[in-house]
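Reading through the structure tokens given below for one structure.
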Amino acid sequence: MATPYQINIAMDQNTFNALESGGFYLYGFKGVQTSIQGGAPLVWFQTKTFSLDTTISWEEQYQGYTSQSAIIPGGKIKASASYDMNLGDILQVTSPAGTGTVVTGGTQNAISIANQTTTQMVCGISQVQSVNGNPVATPLCAFPLYGNMLDVFAPIQLVLLEFATTAVNTGTVIFQAFSQAALINLTSEPEVSLSFDINAGWNSSGNPNVQLVPAGTNLAPLLLQSSASLNRRILAAQSAHAPAPEARHTSRSNGGLIQA
């Protein structure tokens, strides 16, 4: 059964009034471990549906997607093909349009996207999330997928939240924090509560799983992480499906050992 995760945000009436009258949105980003560099974090959700007490919840429901969009700051990544996937699945892309077939046998606890064409495209993973009961699958990240290459993504329970007046849609490439943000690690704590004040910012009451991120911080190193553990799992998956080595035949001639 999928693990449920939840973030609770509290604010007082003055803060809510200021956010509402100021035209603020609540933005969310989510982290991944990856096997490739050169990607971008995307807006996971954007909402004006918040109140004095707001709950953000999700479970481990994923999709793999391909796209023809360009990875540029402020650009929107639009999936041209997307597929429901479980951890350990591989999306085998078989057409230049980014379509393909999902099969099992991939890297443990990760989603793999294998380009079996010579066409470069963009790919990533999406995750279902719910803000006040409204579920939707939106992309978390965008990475180049080169011809005949494999990209691997391992979702991690790392969420970044911030309030901002900048109006951008989900799936938009954002490299810098709009304002002070809260980076929340739910790996060991599936439910976290914190508060927000319009002047004082985020407050987690000293929770070590919450890190405050200043406005203007580069989000890519925080949300798109390389991992030695992921690389080991990729190698293990490839080794498990590698063809068996051919038998080596030996014969003797003039007292010497000849190998063929």
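Scope of the values below: all heavy atoms of this structure, side chains included, with no hydrogens, waters or symmetry mates.
- The minimum heavy-atom distance linking Pro144 with Asp151 is given by the pair O-OD2, 2.8 Å.
- Judged by distance alone, with hydrogens and angles left aside, the side-chain atoms of Ser179 form a donor-acceptor pair with the main-chain N or O of Phe163 at under 3.5 Å.
- Under the 4.5 Å side-chain heavy-atom criterion for ILVMFWY residues, a single connected hydrophobic cluster contains both Ile7 and Leu212.
- To the nearest 0.5 Å, atoms OG (Ser35) and CG (Leu235) are separated by 10.5 Å.
- Between Phe16 and Phe50, the ring planes are perpendicular. Angles over 60° get that label, and only those under 30° would be called parallel.
- In terms of heavy atoms, Ala81 sits closest to Gly98 at CB-O, 3.7 Å.
- The aromatic rings of Trp58 and Tyr5 sit parallel, their planes meeting at an angle under 30°, below the 60° perpendicular limit.
- Between the side chains of Gln46 and Asn169, not a single donor N or O lies within less than 3.5 Å of an accepting N or O.
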(request) Kindly indicate, with the supporting measurements, whether the criterion side-chain contact (heavy atoms from CB on, under 4.5 Å) is fulfilled by Leu160 and Val213. (result) CA-CA 9 Å; Leu160 184 137; Val213 177; 4.3 Å; yes
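- In this structure a side-chain-to-backbone donor-acceptor pair under 3.5 Å is present from Glu162 to Phe178.
- Using a 4.5 Å heavy-atom threshold, the side chains of Ile36 and Met149 count as separate.
- Leu161 is listed as a side-chain neighbour of Ile184, based on a closest heavy-atom distance under 4.5 Å.
- Among all heavy-atom pairs drawn from Val159 and Lys30, the shortest one is CG2-CG, 4.3 Å.
- Dense packing is recorded around NZ of Lys48, with more than 12 heavy atoms of other residues, nucleotides or ligands lying under 6.0 Å away.
- Under the 4.5 Å side-chain criterion, counting only non-hydrogen atoms from C-beta, Val152 is not in contact with Arg233.
- To the nearest 0.5 angstrom, Trp44 atom CH2 is 16.0 Å from Tyr27 atom OH.
- Transitive grouping of hydrophobic side chains (ILVMFWY, heavy atoms separated by less than 4.5 Å) brings Tyr25 and Leu219 into a common cluster.
- Two residues are said to be in side-chain contact when any heavy atoms from C-beta on lie closer than 4.5 Å; Asn209 and Leu186 fail this criterion.
- Taking the side chain as every heavy atom from C-beta outward, Trp202 and Ser195 never approach each other to under 4.5 Å.
- Rounding to the nearest 0.5 Å gives a distance of 7.5 Å between CE of Met11 and CG of Leu52.
- By the criterion of side-chain heavy atoms lying less than 4.5 angstrom apart, applied directly or through intervening Ile, Leu, Val, Met, Phe, Trp or Tyr residues, Phe175 is grouped together with Leu42 in one hydrophobic cluster.
- From Ile125, atom CD1 reaches atom OG1 of Thr34 across 10.0 Å, with rounding to the nearest 0.5 Å.
- Side-chain contact between Leu26 and Ile9 is present, with heavy atoms from C-beta onward closer than 4.5 Å.
- The two atoms that bring Thr117 and Pro96 nearest to each other are CG2-N, 4.1 Å, heavy atoms only.
- When side chains are defined from C-beta on, Gln127 does not count as touching Glu59, because their heavy atoms never get closer than 4.5 Å.
- The backbone N or O of Lys78 sits less than 3.5 Å from a side-chain atom of Ser69, completing a donor-acceptor pair.
- If you take CG on Leu150 and CD1 on Ile113, they are separated by 9.0 Å, rounding to the nearest 0.5 Å.
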(request) List the steps and the verdict of side-chain contact (heavy atoms from CB on, under 4.5 Å) for Leu19 and Thr15. (result) CA-CA 6 Å; Leu19 292 172; Thr15 292; 3.9 Å; yes
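- Met121 and Met85 fall within a single hydrophobic cluster, where Ile, Leu, Val, Met, Phe, Trp and Tyr are joined by side-chain heavy atoms under 4.5 Å apart, directly or via other members.
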(request) Decide side-chain contact (heavy atoms from CB on, under 4.5 Å) for Thr107 and Ser112; before the verdict, give the C-alpha distance in whole Å, the side-chain angles of both, and the deciding distance to 0.1 Å. (result) CA-CA 7 Å; Thr107 299; Ser112 304; 3.9 Å; yes
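- Atom CD1 in Ile111 sits 9.5 Å away from atom CG in Leu91 (nearest 0.5 Å).
- Inter-residue side-chain proximity for Ile174 and Thr166 is flagged as unmet; no heavy-atom pair is nearer than 4.5 Å.
- Counting all heavy atoms, side chain and backbone alike, Ala10 lies closest to Asp53 at CB-OD1, 3.8 Å.
- A pairwise comparison of heavy atoms in Tyr83 and Gly100 identifies OH-N, 2.9 Å as the closest pair.
- Both Tyr62 and Ile56 sit in one connected hydrophobic cluster of ILVMFWY residues. Membership requires side-chain heavy atoms under 4.5 Å apart, directly or through other members.
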(request) Mind running side-chain contact (heavy atoms from CB on, under 4.5 Å) on Ile156 and Thr187 for me, showing each step along the way? (result) CA-CA 7 Å; Ile156 53 178; Thr187 303; 5.6 Å; no
